[in-house]
A.B. asks: 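Dropping the structure in here first, questions after.
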There are 2 protein chains.
Amino acid sequence: MDGYDKYAHEPFAVTVDLAVFTLRDDALHVLLVERGQEPYAGRWALPGGFVQPDESAETAARRELAEETGLSDVSGLHLEQLRTYSEPGRDPRMRVVSVAFAALLPDAPEAHGGSDAAEARWVPYGTAGPLAFDHDRILADAHDRVGAKFEYTCLATAFCPPEFTLGELQRVYETVWGTELDRPNFRRKVLATPGFVEAVPGAARLTGGRGKPAALYRAGTATALHPPLLRPTREGRPA
Amino acid sequence: MDGYDKYAHEPFAVTVDLAVFTLRDDALHVLLVERGQEPYAGRWALPGGFVQPDESAETAARRELAEETGLSDVSGLHLEQLRTYSEPGRDPRMRVVSVAFAALLPDAPEAHGGSDAAEARWVPYGTAGPLAFDHDRILADAHDRVGAKFEYTCLATAFCPPEFTLGELQRVYETVWGTELDRPNFRRKVLATPGFVEAVPGAARLTGGRGKPAALYRAGTATALHPPLLRPTREGRPA
DNA sequence: CCCTTTAATAGTCAGCACGACTATAAAAGG
DNA sequence: CCTTTTATAGTCGTGCTGACTATTAAAGGG
């Protein structure tokens, strides 16, 4: 941290890149923007932008989140720093260090772009071709992190509306993990974890479809899960 | 990622900060340097330095690790990116964004500083007064991360020499977690996890002290623990 | 109006991982 | 030789979990 004179010769640009997830039609979607300029013109990329002089990376990420989703209030949304990508060649034009974030939205507002000129669109996860820069890697890392955090935190409720059924919550897990879960066991586990969900006192609402109407729940106050809710054992889980 | 012209006005300095841990005399130690200049002159700080133009943050971190520990070969050491600290005011002189890393050393070589003029010293964790900048926060985050990773990875062997006894491995856990573990249960758990440790075929060595000589083990090939080795339940684990 | 379909909810049962605990073996030190 | 110390072996009961069956309450179709 001494020898500041070294720096003056080679400054860095610092950006944030956002992997914004939501659930639409029981499918995981990611918010992507189409690049208009070289390099990677015409390719999809993660939304992001430069960190301004008076901002922390977290502040910049939340600002970008508001701009790209078009939402007026993003203060309650889950936003989490992933890691920083700093390979020298990751942007062919110049030296850019990018702090990556993951964000989770309950519902997918079709509106996008806000006042920003960039076209932001919800794209089903995995369907967009190779992304610009190292964004494929960032997106994969973000997905891994979210899936892992589902095991030992209450993060899954961040994908749900304020009131939801246990079936909806289960489908969140199944969609993100890409597996199927046993319904009775999932109920037992969720209800046995204090603070994970709390029942909405009076009413049970029908979800609109057929079948017995389901009870409604709200997200509880807990954030961690003890013991964890492990995904179905893939034996010999690799490094 | 468009509008690069914005950047030219306000560049950032990018540094790495390292939380380097080792175990000495059954106590967790951290590598710290004493600052010679303002700000925070005379205060302890985490070792670190600027990321050079041709380096990634990971490369810079490993270079700094070698310089500060004085070790000739740091390629096998565990080095892991923590997160990035970017609050605008964290360095009073200028805008510095720092990528923090955690590193784990098996033995504590007393040598330090290498060719670097900075005095690097091993200090028992928790005994150094308030550190410079936001390094208290970084160090606490690093400690939390290492403790958490002990639960579901084989990371603890990174603190051990090439061959070690199960008692030594247990003391690593106890030191990092600050708790006591039941010895038979710890043995059972470690030995039941395939790939965690592998027995050294022939010999059992005495650790030098009294008591029955212990069998020697090497770190296995596994990196993850399934199921995890949870620390003694602190009820109602907070957020 | 009944019967099928769909989904939610309730409950059972066995396996196994883990915490707590006791017992034995093999060394050093007095 | 006896005590202390540490490693290793084994036991027992509880609780979580996976697999599975049963019941309830709605919609839809004939």
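Letters A, B, ... mirror the listed sequences (proteins, then strands); counts begin at 1.
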A.B. asks: Starting at CG of A:L191 and ending at P of C:dG11, how long is that distance when rounded to a whole Å?
C.D. replies: 13 Å
A.B. asks: From CD of A:E180 over to P of D:dC20, roughly how many Å is that when rounded to an integer?
C.D. replies: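 Rounded to the whole Å, the gap is 14 Å.
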A.B. asks: Do the charged groups of B:R90 and B:D17 touch, with an N to O distance under 4.0 Å?
C.D. replies: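 Salt bridge present between B:R90 and B:D17.
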A.B. asks: Sequence neighbours left out, what passes side-chain contact (heavy atoms from CB on, under 4.5 Å) with A:P124? Give chain and number order.
C.D. replies: A:H29, A:T127
A.B. asks: What's the NZ-C1' distance between B:K212 and C:dA23, to the nearest Å?
C.D. replies: 12 Å
A.B. asks: Between atom CZ in A:R187 and atom C1' in C:dA10, what is the gap in whole Å?
C.D. replies: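 Atom-to-atom, A:R187 to C:dA10, this comes out as 8 Å.
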A.B. asks: Taking the minimum atom-to-atom distance to the side chain of A:A215, which one of C:dT9, C:dA28, C:dA25 wins?
C.D. replies: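 Selected nucleotide (nearest to the side chain): C:dT9.
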A.B. asks: Any side-chain N or O of B:R210 under 4.0 Å from OP1/OP2 of C:dA27?
C.D. replies: no
A.B. asks: Nearest whole Å is fine: how far is D:dC20 P from A:L181 CG?
C.D. replies: 15 Å
A.B. asks: Who pairs with B:E80 by salt bridge (charged side-chain N to carboxylate O under 4.0 Å, His left out), at least two apart in sequence or on another chain?
C.D. replies: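 Scan of B:E80 (salt bridge (charged side-chain N to carboxylate O under 4.0 Å, His left out), adjacent residues dropped) gives B:R145, B:K149.
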A.B. asks: To the nearest angstrom, how far is B:F186 atom CZ from D:dT8 atom P?
C.D. replies: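 Value for this atom pair: 12 Å.
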A.B. asks: Between B:E67 and B:R63, is there a side-chain N and carboxylate O pair less than 4.0 Å apart?
C.D. replies: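 Looking at B:E67 and B:R63, the cut-off is met.
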A.B. asks: Taking the basic N atoms (NZ, or NE/NH1/NH2) and the acidic carboxylate oxygens, is any pair closer than 4.0 Å for B:E34 and B:R43?
C.D. replies: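 No, this pair does not count.
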A.B. asks: Taking the side chain as C-beta and beyond, is there a heavy-atom pair between B:Y125 and B:L139 under 4.5 Å?
C.D. replies: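 Yes - at least one pair of side-chain heavy atoms lies under 4.5 Å apart.
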A.B. asks: Encode nucleotides 14-20 of chain C as B, S and - characters from 5' to 3', where the letter depends on protein heavy atoms closer than 4.0 Å: B to the base, S only to sugar-phosphate, - to neither.
C.D. replies: ----BBB
